[in-house]
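Contents: one structure, followed by commentary.
Below, chain A is the first sequence line, B the second, and so on; all start at residue 1. Computed from a predicted model, the values in this text were never measured in an experiment.
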Amino acid sequence: MLLLQSEIASILLNGLQQGAIYALLGIGLTIILGTMEFLNLAHGALYLVGAYTGLIVFQETTLSNGFLYSQGITTIGFGGGFIAALILVPLVGFVVGLLMERYVAEPFYDRPETDQLLVTFGLALIVQEIVRNVIGGNTFQSIAPSTMFGVNVSQPISLPLVGLFPSWRLFIIAIAFVVIGLTYLAIERTDFGLVVQAGTRDSEMVRLLGIKINRSYSLVFALGAALAAFAGLIGASIQTISPQIGTERALLPAFLTIVVGGAGSVRGAIAGGLVLGVIISAMTQTYSQWAQIVLYLFVALMLIVKPEGLFGSMEVGE
Amino acid sequence: MARDTTTLSRRDVLKTSGAAGAAGLTGLAGCAGIGGGGGDSEYPALGNYPVEGDEVVFGLNVPQSGSYSQEGEDELRGYDLAVDHLNNGGGWVDNWDGLSGEGVLDKTVTTVEGDTATDPDTARQSASRMISRDNAIMVTGGSSSGVAIAVQGLCQEENVIFQCCITHSNDTTGSECVRYSFREMFNAYMTGQALAPVLAEEYGEDLNFYQLYADYSWGQTQQASMEQFFTDVGGWNQIESVPTPLGTSDYSSYLSDVPRDETDVLVLNHYGLDAANSLPQAIEAGLDEDMEIVVPLYNRLMAEAASGSIGGIFGTADWNWQLEDDATQSFVEVYREEYDRAPSYGARIAYTQTLQYAAAVERAETFYPPEVIREMEGVEYDGAGLGAETMRACDHQAQRDVLVMQGATPEEQTEDKLLNIVSQTSRDDMGYACDAGPAAECELGEYGDE
């Protein structure tokens, strides 16, 4: 019995950690899709941008050959490099999002979805190749710090039921959920959020009410991009970093998440991400060979039984 | 995708002027192409034989994208160096009998490159283009046994010799072996033979081990060989063996499932990027505190990407630049001069397989594939950095020494040195007869002139 409980606890914890990344990706994708009805296949590229920005910030601030070192500062301690990345990465994502909205998305708002798919997928490939050419095709080690706010996060800690669990992963589950919570509050409880929510239901009406929705569009897009970049940073702290991670690790999970959760719904993205995370974790831990099959069966079932997703008001690509 | 070279544009000219015109052009140029090296005109056309003109094309089919692309870069460096030495002398060309440093059979070697994308179908298409469009007389490359097996099958059908590069699955020279393919690299079976005694001595007997393995040709044979030798040699007991999909990036759920109390040794049968993720994640989860971790096949990509985690971890490698024999040292020297870094084992295999083919052509005095194959079968050589080797006739698997390696601690590591050599297991203490191990399942197929 205890064995079963500990198995469930470990499945839930691994699922939460995986699900948090999916949820971050899903929220970004879903608010862009819901508000602007814009299908953004470059969402994975934003994850890539986040991972590489994190890598550069981390290297330049913590390693013994970075920029700070060249200025005579050998360490800023307390996981300072990663804290700097936690602040800078979403900012970079935000700026990239603003630029993307202005120069890539906006000209395509009124074009058919196929055009949007082509231009954003093309953009994703371009970003990937630029990274490969500028930084190189090398694979970089994940960038988890050894201490964070003075706490050692490199050692696993012993949890009741679960047993030993990497403490860094506990930490990122916590920050991911803080960010997810703040985003949820921003969209549910602020005027900006109200406009976004209204925009996902009927953007024409919002415009008729005299709200400058174009500015909101830019902000929504940038917010979505910042979340994707943040997800990239979290991903980079537990997995290796290479130019193909945007398409391989981020794009598909993001879409699966909003299929399950429902397009246009932040609550749906959070729920969808967590459900997928737990399914993958449970299958991997019990019948690993069936993990992928069960995952896609589940998503296919969702599409048949509840095509609008758990919390969505419209079907994906409608 | 093949890169344009001067050869290609020459070929384009030949192609546009039509076959008859091509013969005319060659004639006009006054080349002593056919029969120039002696004896070439006495065989019937087969595959891309005869080689016309004063140049001969080698097809380099390596991963330039996909999860093994970094290895592809290293392989290309090895190939480029080999071709340069074949044409201009230098490196091992000067020490290997038969090679002149003035091309192969007096023809200048040129190359075409292709991208396998680490995918068997793409690799087959790319090799097929090299054979039909570029008239490659020999194709070489690969990284991933799935790719090697796909391409060697094609080469058998096309009567074009394939010189394997990185491929470690037992099947390449076992159940999937073909007459037209040769492998210098060792295989998973030999890894088991070399590794098990070292581990049994280091960690003791009667231990429980738990395996994770990449779920494709290489991972499956790797898993089977580890099970066989750890059980036979060390008397160890396998608790469980779990497949993981190729290209998995988060192994945390798999690792959570490893029973910490029962497991003494965790075997991670992952390669390249997969290993670069699974090994650090196993250490992050603290598994190394409760058990020993083993990574049976090391490579540089993985060692670099997981450098913080490899300290003390055992595995095997094809070859290492730190070996002290003359051949190794002379190769390392010319490689460093050219690329300003130490060669990985992928570069050595690429270099060696190219020279092996060229030397066999020189011995056969013809590019006619069946004769070249007969020259390679059973050949003894010792200039490839691993001491005496035999390219065995019955399965085309090199019988050679295998290196057991141990990861260096972060403090010991330098840019070039991430691993330490623990032992060089002699081929006399390993290997298997032609009717045993993977060779028992090998049927090579036809020479093409029967």
Side-chain angles (χ1 to χ4, degrees), chain A residues 3 6-7 9-15 17-18 21 128-129 132 136-144 146 153-158 162-169 235 237-245 248-250 253 277-289 291-293, chain B residues 63-74 117-118 212-213 215 240-245 247-261 272-290 299-310 410:
Chain A
L3 195 68
S6 89
E7 181 124 339
S10 124
I11 285 172
L12 285 178
L13 209 49
N14 281 318
Q17 175 249 311
Q18 191 66 63
I21 297 181
Q128 182 173 320
E129 287 313 305
R132 198 192 296 280
N138 294 6
T139 304
F140 294 93
Q141 222 174 331
S142 56
I143 53 168
S146 50
V153 287
S154 65
Q155 300 295 320
I157 59 167
S158 185
V162 180
L164 283 179
F165 192 81
S167 49
W168 174 245
R169 293 202 179 216
S237 79
I238 52 177
Q239 294 159 6
T240 51
I241 306 155
S242 55
Q244 61 269 22
I245 57 174
E248 283 179 5
R249 289 186 207 156
V278 171
I279 289 179
I280 293 178
S281 158
M283 290 310 300
T284 310
Q285 221 161 307
T286 48
Y287 301 99
S288 63
Q289 272 170 309
Q292 293 292 318
I293 297 170
Chain B
Q64 299 187 44
S65 57
S67 40
Y68 296 158
S69 55
Q70 280 166 270
E71 289 203 312
E73 285 175 26
D74 256 358
T118 325
L212 294 182
Y213 66 94
D215 197 8
E240 208 179 330
S241 179
V242 178
T244 63
T248 300
S249 53
D250 193 347
Y251 290 88
S252 48
S253 294
Y254 295 103
L255 296 166
S256 295
D257 219 22
V258 178
R260 287 175 187 260
D261 300 340
L273 273 187
D274 288 6
N277 280 310
S278 71
L279 177 58
Q281 287 167 12
I283 290 181
E284 181 192 46
L287 289 172
D288 58 329
E289 290 166 19
D290 293 328
N299 77 333
R300 176 144 88 190
L301 162 66
M302 176 256 276
E304 273 172 0
S307 56
S309 315
I310 58 174

Proximity breakdown for Gln239(A) and chain B, heavy-atom pairs closer than 4.5 Å: both
Side chain from CB out, backbone as N, CA, C, O: work out which of these in Ser167(A) comes under 4.5 Å of a heavy atom of chain B, or both, or neither. neither
Just do the side chain to side chain contact (heavy atoms under 4.5 Å, CB included) check on Gln17(A) and Asp250(B) with the steps written out, would you? CA-CA 11 Å; Gln17(A) 175 249 311; Asp250(B) 193 347; 3.4 Å; yes
For the candidates Ser253(B), Gly308(B), Ser256(B), which exhibits the highest count of non-hydrogen atom pairs separated by less than 4.5 Å from chain A? Ser253(B)
Most heavy-atom pairs under 4.5 angstrom with chain A, which of Gly286(B), Ala306(B), Ser252(B)? Ser252(B)
Please round to the nearest 0.5 Å and tell me the distance separating atom [atom1] of [X] and atom [atom2] of [Y].
{"X": "Leu287(B)", "Y": "Leu164(A)", "atom1": "CG", "atom2": "CG", "result": "8.5 Å"}
{"X": "Asp257(B)", "Y": "Ser10(A)", "atom1": "CG", "atom2": "OG", "result": "7.0 Å"}
{"X": "Ser249(B)", "Y": "Glu248(A)", "atom1": "OG", "atom2": "CD", "result": "8.0 Å"}

Chain A contact via Thr244(B) - side chain, backbone, both or neither, heavy atoms under 4.5 Å: neither
Out of Ser281(A), Gly163(A), Ala282(A), return the one with the most heavy atom pairs under 4.5 angstrom to chain B. Ser281(A)
Pick from Ser242(A), Pro166(A), Pro243(A): which one has the most heavy-atom pairs with chain B under 4.5 Å? Pro166(A)
Answer yes or no: is there a donor N or O on one side and an acceptor on the other, between the side chain of Asn277(B) and the main chain of Thr240(A), under 3.5 Å? yes
Sequence-distant partners of Thr248(B), side-chain hydrogen bond (donor to acceptor under 3.5 Å, both in side chains), two or more places apart: none
Going by the rule ring-ring contact (aromatic ring centres under 6.0 Å, His included), which residues pair with Tyr251(B) if we only count those two or more places apart in sequence or in a different chain? His270(B)
Using a 4.5 Å heavy-atom cutoff, which residues in residues 278-285 of chain B come close to chain A? Gln281(B), Glu284(B), Ala285(B)
Does the side chain of Gln141(A) pick up a donor-acceptor pair with the side chain of Ser307(B) at under 3.5 Å? yes
Got a sec, which residues hit salt bridge (charged side-chain N to carboxylate O under 4.0 Å, His left out) with Glu129(A), two or more places apart in sequence or on another chain? Arg132(A)
